[in-house]
*Asks:* 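Please see the structure below; I have some questions.
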Amino acid sequence: MPRITLPDGSIREFDRPVTAHEVAADIGAGLAKAALGATINGELCDLSTTIQADATVALITPMDRKTGESGTEALALLRHSCAHVMAEAVQCIIPGIQLVYGPAVENGFYYDLSMPDDRPLRQEDFSAIEKEMARIIAEDRPFTRVECSVSEGMGKLKAEGSKYKIDNAERAIAAGSETLSWYVTGEPNQHWEDLCRGPHVPSTGRIGAFKIMSIASSYWHGDANSDRLTRLYGTAFADKKQLKQYLERLEEAGKRDHRILGKQLKLFHIDEEVGQGLILWMPNGAIVRRELETFISTELIKQGYSMVYTPHIGKLDLYRRSGHFPYYQDSQYPPLINPDYLRKLADDGCTCAELSNHLRTGEIDGYLLKPMNCPHHIKIYDSQPHSYRDLPVRLAEFGTVYRWEQSGEIGGLTRVRCFTVDDAHLFCTEDQLAQEVQGCLSLVKIIFRTLGLENYRVRVGLRDPKSDKYVGESSNWDRAEAVCLEAAGSLGVPFVEEIGEAAFYGPKIDFIVKDVLGREWQLGTIQVDYNLPERFDLSYIGPDNQPHRPVMIHRAPFGSMERFVGVLIEHFAGAFPTWLAPEQVRVLTISEKSLAYGQKVRDALFAASIRVTLDNSDDRIQAKIKVATDMKIPFLLVVGPRDAEQNAVSVRSRGYRQDLGAVSLESFVEAIGREIASRGSETVLTALFEKQPA
RNA sequence: GCCACCGUAGCUCAGUGGUAGAGCACACCCUUGGUAAGGGUGAGGUCAUGGGUUCGAGUCCCAUCGGUGGCUCCA
């Protein structure tokens with residue numbers, strides 16, 4: 001007879017099998033009423049699930065009574081259940097839709113649908129669908145689980161003839177399921193049902209608040225060559241208040257969007273006439289980028305790197321040898337072809353179709369906009385012989401590369417067609433590999449710490465032993481993977497090992513951050529490479545006076561300047577720390593009478609290499625403050641007759657909605673100079689006002 | 001590349017087949033004001049581009065370009 005262990009460690013004994021709901025009722029009537037489901041031995045289940053044997057049971061309620069927040073299990077139950085309700089509503093409104101797959105996801109749920117040919121799903125349909133959903137929820141129909149044997153279930157599915165549901169069932173069976181289950185929203189044989197493993201909330205009425213969010217397309221099994229499906233996204237919460245909070249959070253996040261802020265703060269511009277995914281850095285954005293480049297260059301010099309410059313193009317043959325062409329041809333701009341060569345082809349009667357074919361197969365001479373910097377750096381390494389005494393050679397460049405990204409994937413600064421990698425290639429001996437990878441990691445650490453980036457995850461990409469796409473000796477791989485794992489472990493942040501995420505030429509360590517909309521972007525990367533040294537027959541002379549093959553490390557702590565700045569804009573919500581801020585100080589004169597003193601203050605800051613402007617427009621001070629605040633300038637110096645008399649400035653700092661008081665011009669210049677030089681580890685606020693930065 | 005939605009002044013947006021609008025920004029004038037927008041006047045648009053329907057198109061239809069959200073891809 002089941003002994004039930006509850007989360008607080010207490011034990012309840014029953015003299016017969018009980019449902020999770022009965023366990024809840026045994027604890028209290030209120031809990032029985034509130035519970036949405038239960039975890040039984042850690043597995044999320046329906047409240048109606050019968051417990052036969054001893055088990056650990058936790059009841060899932062819509063939200064925590066103390067915090068008012070919903071747990072992930074409660075949300076998963078609500079959202080998955082809401083997906084069913086939405087599917088029923090859609091099928092009711094638009095006949096002929098086939099259901100495919102409808103899971104709960106991080107911020108809600110979706111349902112993939114196969115639409116009838118003549119009837120696309122549109123945004124205008126949302127309100128009708130939501131109305132129907134509200135009706136189903138108001139009816140408060142029970143979610144009823146109907147279970148049957150595999151053979152019986154498959155018979156039923158085949159009779160219904162939905163290839164998508166048959167496929168889902170076959171996958172469940174392949175995964176070891178011994179039965180198939182349906183969930184009916186209501187009474188079996190009377191109400192709507194869907195093949196589903198569950199679990200669900202007890203009844204439709206328990207879905208507190210929901211909203212259909214957006215419509216998108218998807219592919220069956222995620223395969224672009226397979227059926228195209230319509231994906232309807234929605235979200236659900238325990239109550240209306242939480243839904244409202246979520247929608248407000250989304251709106252707030254939208255204001256941090258780097259594309260919006262980039263326009264407001266005049267950081268960058270993308271021009272239709274220049275081209276998709278081609279970033280024009282405006283003066284303000286260029287300052288941020290240059291400061292970052294200066295910062296990283298300083299660290300590189302400390303670590304013994306050599307800076308190099310290389311051109312934006314190279315001969316096709318170079319990229320044939322490196323393997324970039326034609327292997328990665330789909331994501332490259334087409335080759336640049338010598339006009340004389342092109343003319344010769346034309347004279348020989350080459351048709352456009354033939355030319356296209358030549359381009360595809362690579363049977364053509366020309367130049368390529370470089371998709372990566374490594375071949376050029378390799379050629380610098382290989383331009384002279386190397387002794388083991390020279391190694392490691394560390395070549396660094398802010399190297400601009402070009403990639404032909406799919407049009408639908410381009411957007412803002414995070415996915416572009418031309419970007420600059422804070423690239424470097426390290427050539428070292430096997431013995432030096434571990435130390436060099438460590439060096440790369442410490443660089444990433446310094447950068448992330450200086451910028452206060454904490455919300456990132458680390459992924460160690462390892463080879464998939466089942467795949468044969470990898471190059472290089474197995475023993476080298478073993479060693480390189482061990483090096484990466486050990487280095488990642490020493491980093492002091494959690495990391496995940498992902499099998500199959502290695503590059504074909506070696507394992508890698510990636511740094512991944514989320515943007516304001518929750519999308520993940522790979523920033524920094526460190527990759528060990530055995531392939532290119534082989535392809536380019538690189539060598540160094542060892543202590544044994546014999547040539548040896550060096551190992552290469554590719555590494556880019558920012559990833560690309562474009563993506564990194566995009567992520568930084570959102571990280572700081574446009575309010576850059578003083579050392580990065582395009583405009584560090586704005587001097588605001590009270591009236592024209594203080595113009596001369598305002599100029600004096602500005603010139604004093606100029607002389608200290610501070611980025612400063614003077615607002616001597618005839619607006620009132622309130623208006624000047626409003627405008628400067630909107631531009632997120634770190635420091636505003638209000639100057640009037642009073643300040644001029646004492647050679648002082650009245651300071652207003654971003655984040656403090658008040659006058660912090662007057663300090664001498666001299667002390668302000670000194671304090672802000674230190675703040676900038678220390679990249680924010682010392683601040684004007686603590687030096688002059690004993691306040692913490694807001 | 002695929003599906004849905006969108007494209008009106010430098011920016012944010014209104015305008016559902018009948019004379020192109022507002023706020024901000026910009027220019028000029030008044031105001032000389034001590035901490036989150038003082039007042040007035042003016043200039044500024046081939047309504048993304050190209051076709052079509054219509055007596056008449058910013059508005060309806062088609063195509064192209066570009067943007068947004070997903071999908072797929074991402075060395």
Side-chain angles (χ1 to χ4, degrees), chain A residues 105 110 112-113 115 120-126 213-233 254 257 259-260 263-264 266 269-277 319 322-325 327-332 371-374 401 403-412 414-417 421 502-506 508 517 519 521-522 525 527 529 531-532 554 559-560 563 588-595 616-630 636-643 650-652 656-662:
Chain A
V105 290
Y110 66 79
D112 277 345
L113 309 161
M115 303 301 294
L121 194 59
R122 300 173 202 282
Q123 262 172 27
E124 293 104 272
D125 299 319
F126 286 10
M213 300 300 288
S214 64
I215 195 166
S217 91
S218 64
Y219 300 106
W220 194 29
H221 297 167
D223 177 0
N225 299 314
S226 189
D227 298 7
R228 195 175 54 243
L229 306 171
T230 298
R231 178 171 294 183
L232 199 51
Y233 279 90
D257 189 319
R259 293 163 298 191
I260 308 285
K263 214 176 260 180
Q264 271 170 15
K266 300 182 177 29
H269 172 67
I270 299 166
D271 196 284
E272 199 177 315
E273 210 169 350
V274 174
Q276 249 193 322
Y319 299 102
S322 71
H324 294 114
F325 188 92
Y327 191 65
Y328 293 116
Q329 202 188 136
D330 287 349
S331 46
Q332 288 164 4
M372 288 186 84
N373 297 306
C374 22
V401 298
R403 299 188 191 178
W404 184 261
E405 302 287 356
Q406 294 188 96
S407 63
E409 194 48 62
I410 291 173
T414 37
R415 198 72 187 268
V416 295
R417 281 184 172 160
V421 185
F504 71 91
Y505 50 74
K508 56 180 189 168
L517 300 175
R519 293 175 297 202
W521 296 102
Q522 183 186 312
T525 181
Q527 307 181 356
D529 184 354
N531 175 47
L532 286 175
H554 310 242
S560 84
R563 182 175 288 180
L588 315 175
T589 51
I590 292 288
S591 77
E592 247 172 54
K593 289 175 189 161
S594 304
L595 174 58
N616 65 332
S617 63
D618 56 5
D619 283 330
R620 295 186 0 186
I621 194 67
Q622 287 86 342
K624 294 186 187 185
I625 287 170
K626 163 81 170 108
V627 169
T629 303
D630 285 348
L636 308 183
L637 302 182
V638 175
V639 297
R642 236 160 46 204
D643 304 286
S650 294
V651 181
R652 207 182 154 100
Y656 289 91
R657 303 181 54 138
Q658 53 176 310
D659 179 4
L660 294 175

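Residue numbering restarts at 1 for every chain, and letters A, B, ... go by the order of the sequence lines.
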*Asks:* Can you build the contact string for nucleotides 3-11 of chain B? Use B for base contact, S for sugar-phosphate-only contact, and - for no protein heavy atom under 4.0 Å.
*Replies:* BSS-----S
*Asks:* Report the base-pairing partner of B:U53 (Watson-Crick or G-U wobble, both distances below 3.5 angstrom), or none.
*Replies:*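 In the structure as shown, B:U53 has no Watson-Crick or wobble partner.
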*Asks:* Roughly how far apart, to the nearest Å, are B:G69 and B:G10 at atom C1'?
*Replies:*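 Straight-line distance between the two C1' atoms is 27 Å.
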*Asks:* Any chance you could list the contact pattern along nucleotides 28-34 of chain B? Use B for base contacts, S for sugar-phosphate-only contacts and - for none, protein heavy atoms under 4.0 Å, 5' to 3'.
*Replies:* --BBBBB
*Asks:* Report the base-pairing partner of B:C2 (Watson-Crick or G-U wobble, both distances below 3.5 angstrom), or none.
*Replies:*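 In the structure as shown, B:C2 has B:G70 as its Watson-Crick or wobble partner.
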*Asks:* Under 4.0 Å between any heavy atoms, over every strand shown, what does A:Ile260 touch: base, sugar-phosphate, or nothing? Just pick one.
*Replies:*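 Nothing, no heavy atom under 4.0 Å.
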*Asks:* In the strands shown, is B:U64 matched to any nucleotide by a Watson-Crick or G-U wobble pair with both distances under 3.5 Å, and which?
*Replies:*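 Across all strands, the one nucleotide that pairs with B:U64 is B:A48.
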*Asks:* Restricting to ring pair (Phe, Tyr, Trp, His ring centres under 6.0 Å), what partner residues turn up for A:Trp521, sequence neighbours left out?
*Replies:*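 By the ring pair (Phe, Tyr, Trp, His ring centres under 6.0 Å) rule, A:Trp521 matches no residue at all.
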*Asks:* Can you tell me the pairing partner of B:A9 across any strand shown, Watson-Crick or G-U wobble, with both distances under 3.5 angstrom?
*Replies:*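 Here B:A9 is not engaged in any pair, so there is no nucleotide opposite it.
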*Asks:* For nucleotides 41-46 of chain B, read 5' to 3', which letter fits each nucleotide if B means a protein heavy atom sits under 4.0 Å from the base, S means only the sugar-phosphate is that close, and - means neither?
*Replies:* ------
*Asks:* Name all residues meeting the side-chain hydrogen bond (donor to acceptor under 3.5 Å, both in side chains) criterion together with A:His269; count only those two or more places apart in sequence or in a different chain, and write none if there are none.
*Replies:*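 Once residues adjacent in sequence are excluded, the partners of A:His269 under the side-chain hydrogen bond (donor to acceptor under 3.5 Å, both in side chains) criterion are A:Asp271.
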*Asks:* Any base atoms under 4.0 Å from A:Gln276, or only sugar-phosphate, or nothing? Heavy atoms, all strands.
*Replies:*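 Sugar-phosphate contact only - A:Gln276 comes under 4.0 Å of backbone atoms but never of a base.
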*Asks:* Using purine N1 to pyrimidine N3 plus N6-O4 or O6-N4 for Watson-Crick, or N1-O2 and O6-N3 for G-U wobble, both under 3.5 Å, which nucleotide pairs with B:G17?
*Replies:*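 Per the H-bond distance test, none.
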*Asks:* Remember a base hit wins even if backbone is also touched, and classify A:Tyr233 as base, sugar-phosphate or nothing at under 4.0 Å, heavy atoms.
*Replies:*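 Answer is sugar-phosphate: A:Tyr233 comes under 4.0 Å of backbone atoms only.
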*Asks:* I'd like to check the side-chain hydrogen bond (donor to acceptor under 3.5 Å, both in side chains) partners of A:Tyr505; sequence neighbours left out, ordered by chain and number.
*Replies:*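 A:Tyr505: side-chain hydrogen bond (donor to acceptor under 3.5 Å, both in side chains) contacts with A:Gln527.
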*Asks:* As an exercise, state the distance from OH of A:Tyr219 to CG of A:Asn225, rounded to the nearest 0.5 Å.
*Replies:*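 If I round to the nearest 0.5 Å, the distance is 9.0 Å.
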*Asks:* Where each residue is assigned the nucleotide of RNA chain B containing its nearest heavy atom, which of A:Trp404 and A:Ser218 is assigned the position nearer the 5′ end?
*Replies:*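 Result: A:Ser218.
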*Asks:* OP1 or OP2 of B:G69 less than 4.0 angstrom from a side-chain nitrogen or oxygen of A:Arg259, does that happen here?
*Replies:*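 Answer yes for this pair, as a side-chain N or O of A:Arg259 is under 4.0 Å from OP1 or OP2.
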*Asks:* Any N or O donor-acceptor pair linking the side chain of A:Arg415 to the base of B:C74 at under 3.5 Å?
*Replies:*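 Indeed, a donor on one side and an acceptor on the other fall under 3.5 Å apart.
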*Asks:* Can you tell me whether the side chain of A:Tyr219 and the base of B:G70 have a donor-acceptor pair closer than 3.5 Å?
*Replies:*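 In this structure, the two groups form no donor-acceptor pair.
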*Asks:* Watson-Crick or G-U wobble partner for B:A27, using a 3.5 Å limit on both distances?
*Replies:*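 Across all strands, the one nucleotide that pairs with B:A27 is B:U41.
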